[in-house]
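Below: the structure, in structure tokens.
Chain identifiers are assigned alphabetically (A, B, ...) following the order of the sequence lines, protein sequences preceding nucleic acid strands; residue numbering begins at 1 within each chain. What's counted below: heavy atoms across the whole structure, side chains too, no hydrogens, waters or symmetry copies.
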There are 2 protein chains.
Amino acid sequence: MNSQSIENYLKVIFNQAISTDEVNTTGIAQALEVSLPSVNSMVKKLAGMGFLEYEKYRPLKITEKGRQMAAMIIRKHRLTEMYLVEKMGFGWEEVHDIAEQLEHVQSPLFFDRMDELLGYPKRDPHGSPIPNKKGHIATLEYRMLADCQPGEKVVLKALGHTSDAFLKYLNSKNLALGVEVEVIALEMYDRNMTVVYDGHREVLSSLVCSKLLVS
Amino acid sequence: MNSQSIENYLKVIFNQAISTDEVNTTGIAQALEVSLPSVNSMVKKLAGMGFLEYEKYRPLKITEKGRQMAAMIIRKHRLTEMYLVEKMGFGWEEVHDIAEQLEHVQSPLFFDRMDELLGYPKRDPHGSPIPNKKGHIATLEYRMLADCQPGEKVVLKALGHTSDAFLKYLNSKNLALGVEVEVIALEMYDRNMTVVYDGHREVLSSLVCSKLLVS
DNA sequence: TATATTTGTTAGTCTATTCTAACTATTTAA
DNA sequence: TTAAATAGTTAGAATAGACTAACAAATATA
Ligand SMILES: [Mn+2]
Ligand SMILES: [Mn+2]
Ligand SMILES: [Mn+2]
Ligand SMILES: [Mn+2]
């Protein structure tokens with residue numbers, strides 16, 4: 001069985017590979033808050049296990065095997081988050097830290113049961129796709145709210161970022177997935193956006209709007 | 001935070017202290033399937049942390065602090081088992097291995113929510129008491145079925161042992177907690193007991209009867 | 001292009017947890 | 001009450017994962 005440490009590295013590497021395909025050591029070190037040499041030695045180990053391709057001083061490439069393995073951990077993480085929200089009444093800002101631990105539990109039955117009880121959900125509480133049992137991850141074609149034009153009506157589908165602070169901010173504005181948002185105005189100077197939803201009228205910064213994924 | 005290893009040691013030591021109060025190294029080694037020297041060095045560490053009293057070549061004594069700590073882990077273990085059975089539809093023979101992992105999750109909220117959703121249960125699915133948040137464990141005054149006399153009608157309340165094999169045996173005989181059992185006959189030669197319950201008539205060995213706790 | 005900055009690597013150390021081999025104390029039993 | 005058996009200890013080593021200090025390669029910048 002892979003250690004929790006190995007699983008956490010793999011997950012980070014997989015996530016960084018989504019945007020750039022090639023991953024660098026420094027990024028991993030920052031994400032996991034460990035030193036560069038720690039990453040270097042773990043990377044060699046992961047390469048030895050066939051999860052990565054590694055050449056000295058070259059960016060890393062995750063292999064299909066690595067991708068597969070990472071997807072299974074992410075599957076467990078996201079199923080857990082969904083379960084905590086849907087079945088145990090947690091808020092979407094409370095579940096990540098718990099899922100970070102439960103994702104390492106070794107028990108296919110446990111996660112299959114969650115999946116079943118949830119009715120085989122496709123997304124986690126933050127709108128991110130839940131990989132299926134084969135490791136396949138649906139690619140979601142959402143736009144950023146920041147790219148919408150005044151007059152458009154869109155539905156909030158997912159978040160591009162899920163920090164505690166951001167989730168709490170969204171809670172304070174009553175912004176949740178599924179909410180229909182109408183773009184009223186876009187200030188060209190700072191790209192602040194005035195929106196209306198659910199009887200609310202708010203001005204959202206471009207920072208926020210770039211993290212709200214809509215369709 | 002205490003490591004999983006430390007937590008597993010503490011739990012074993014606590015459990016062994018219930019019967020004899022004094023615990024010996026060999027018992028711990030057997031329960032955890034590790035070598036004697038491993039236990040020896042961990043025991044010194046636990047003593048250093050104030051969980052045990054240790055003197056060379058003397059049996060160990062668990063301290064109040066150690067008892068407290070162990071109770072909190074056992075609380076998480078048993079709440080988890082109850083949750084898995086009651087809310088997720090697992091059989092009582094399936095839950096121990098999952099609970100063995102979940103008991104190490106660091107999230108008071110997670111277990112408090114389980115507790116709440118379960119309606120603050122007093123026992124786990126095998127009839128063992130769930131320690132309360134202060135670490136207090138109710139002592140259950142049950143008798144062994146083996147000590148009952150022909151003619152007595154008793155209710156199965158808990159198990160003195162919870163191995164997979166035993167639980168599966170009980171499943172095969174449709175014996176579950178809460179079942180009312182009438183003692184029909186007791187064979188003095190081998191102490192086999194003939195019992196009737198739920199429309200079943202079975203002959204149970206003394207080995208089995210000594211592990212069935214009734215009231 | 002030459003230099004400065006950033007990024008990645010190596011060497012060596014540390015802690016946690018485990019092990020085997022060798023030894024010592026305690027307990028049991030002849 | 002001595003010898004045998006059992007239980008516990010020490011020493012020394014291994015592995016996993018992390019770190020700092022020192023160095024090398026790659027990249028950015030003047
Ligand atoms: Mn998460
Ligand atoms: Mn994790
Ligand atoms: Mn159990
Ligand atoms: Mn455990």
Does [X] put a side-chain nitrogen or oxygen below 4.0 Å from OP1 or OP2 of [N]?
X: A/K56; N: C/dT10; answer: yes
X: B/T26; N: D/dA7; answer: no
X: B/R58; N: C/dT27; answer: yes
X: A/S5; N: D/dA18; answer: yes
X: A/K44; N: C/dT9; answer: no
X: A/S41; N: D/dG17; answer: no
X: B/N40; N: D/dG8; answer: no

Would you check if the distance from the ring center of B/H96 to the ring center of B/H77 is below 6.0 Å?
yes
Identify which nucleotide among [options] has an atom closest to any side-chain atom of [X], counting heavy atoms from C-beta outward.
X: B/N24; options: D/dT9, D/dG8, C/dT18; answer: D/dG8
X: B/S35; options: C/dC19, D/dA18, D/dA25; answer: C/dC19
X: B/K45; options: C/dT20, D/dG17, C/dT17; answer: C/dT17
X: A/Y9; options: C/dT18, D/dA18, D/dG17; answer: D/dA18
X: A/S38; options: D/dA18, C/dT9, D/dG17; answer: D/dA18
X: B/P37; options: D/dG17, D/dC19, D/dA11; answer: D/dA11
X: A/M42; options: D/dG8, C/dT17, D/dA18; answer: D/dA18

Contacts of A/Y57 and A/V39 projected onto DNA chain D by closest heavy atom; the upstream (5') one is A/V39
Whole Å only: how far is the [atom1] atom of [X] from the [atom2] atom of [N]?
X: B/E33; N: C/dT17; atom1: CD; atom2: P; result: 18 Å
X: A/L36; N: D/dC23; atom1: CG; atom2: P; result: 17 Å
X: B/E22; N: C/dT26; atom1: CD; atom2: P; result: 14 Å
X: A/L46; N: D/dG17; atom1: CG; atom2: C1'; result: 12 Å
X: B/Q4; N: D/dA16; atom1: CD; atom2: P; result: 18 Å
X: B/L32; N: C/dC19; atom1: CG; atom2: C1'; result: 15 Å
X: B/N8; N: C/dT17; atom1: CG; atom2: P; result: 11 Å
X: A/Q16; N: C/dT7; atom1: CD; atom2: P; result: 13 Å

Side-chain donor or acceptor of B/Q101 paired with backbone N/O of A/Q106 under 3.5 Å:
yes
If only side-chain N and O atoms count, and only distance matters, is there a donor-acceptor pair under 3.5 Å linking B/N171 with B/W92?
yes
Run the numbers on A/H104 and A/N2 for side-chain hydrogen bond (donor to acceptor under 3.5 Å, both in side chains), then give the verdict.
CA-CA 9 Å; A/H104 305 292; A/N2 297 320; over 6 Å; no
B/E33, CD atom: more than 12 neighbouring heavy atoms under 6.0 Å:
no
B/Y54 and side-chain contact (heavy atoms from CB on, under 4.5 Å): which partner among B/L46, B/T25, B/N40?
B/N40
